[in-house]
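A quick write-up on the structure given underneath.
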Amino acid sequence: MKNEQEYIILQIQEDDYGCEERPVGAKRTVFVRLKDAKENERMIRQEDDWLYEQGIDEGDLVVLTENHLYEKWKRGK
């Protein structure tokens with residue numbers, strides 16, 4: 001895949017917006033803090049339901065392509 005890079009998920013935290021502030025029908029999102037092999041960190045926003053469905057959690061190795069996460073490997077599992 002083009003522009004593909006591996007990251008470890010350091011933290012998954014709630015989006016700043018509460019349920020009342022989201023438009024009707026909008027999916028709940030979370031902020032995902034990532035770190036690459038060179039210790040560079042970045043933050044992206046991801047749909048919470050998608051992370052749950054994929055079983056992706058903190059400590060997992062993932063691939064980031066064009067701001068989309070893909071599971072690569074689960075640490076300690």
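Scope of the values below: all heavy atoms of this structure, side chains included, with no hydrogens, waters or symmetry mates.
In this structure, CD1 in Ile44 is found 13.0 Å from CZ in Arg33, a value given to the nearest 0.5 Å. Separation of atoms CG (Leu10) and CG (Asp60) is listed at 11.5 Å; rounding is to 0.5 Å. To the nearest 0.5 Å, atom CG of residue Leu51 and atom CG of residue Asp57 are 8.5 Å apart. Expressed to the nearest 0.5 Å, how far CG of Leu64 lies from CG of Asp36 amounts to 10.0 Å.
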Subject >> Candidate pair Met43 and Gln11, rule side chain to side chain contact (heavy atoms under 4.5 Å, CB included), full reasoning >> reply: CA-CA 9 Å; Met43 186 88 80; Gln11 182 180 28; 5.7 Å; no
**OP:** Would you sort out whether Gln46 and Ile56 count as a side chain to side chain contact (heavy atoms under 4.5 Å, CB included), showing the intermediate values?
**Re:** CA-CA 11 Å; Gln46 186 74 40; Ile56 295 175; over 6 Å; no
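Between Glu14 and Val30, the shortest heavy-atom contact is CA-CG1, 4.3 Å.
Residues Tyr52 and Ile9 do not share a hydrophobic cluster, defined by chaining ILVMFWY side chains whose heavy atoms lie under 4.5 Å apart.
The salt bridge (Lys or Arg N to Asp or Glu O under 4.0 Å) check on Glu39 picks up Lys35, with sequence neighbours excluded. Applying the side chain to side chain contact (heavy atoms under 4.5 Å, CB included) test to Asp49 and every residue at least two apart in sequence or in another chain returns Glu53.
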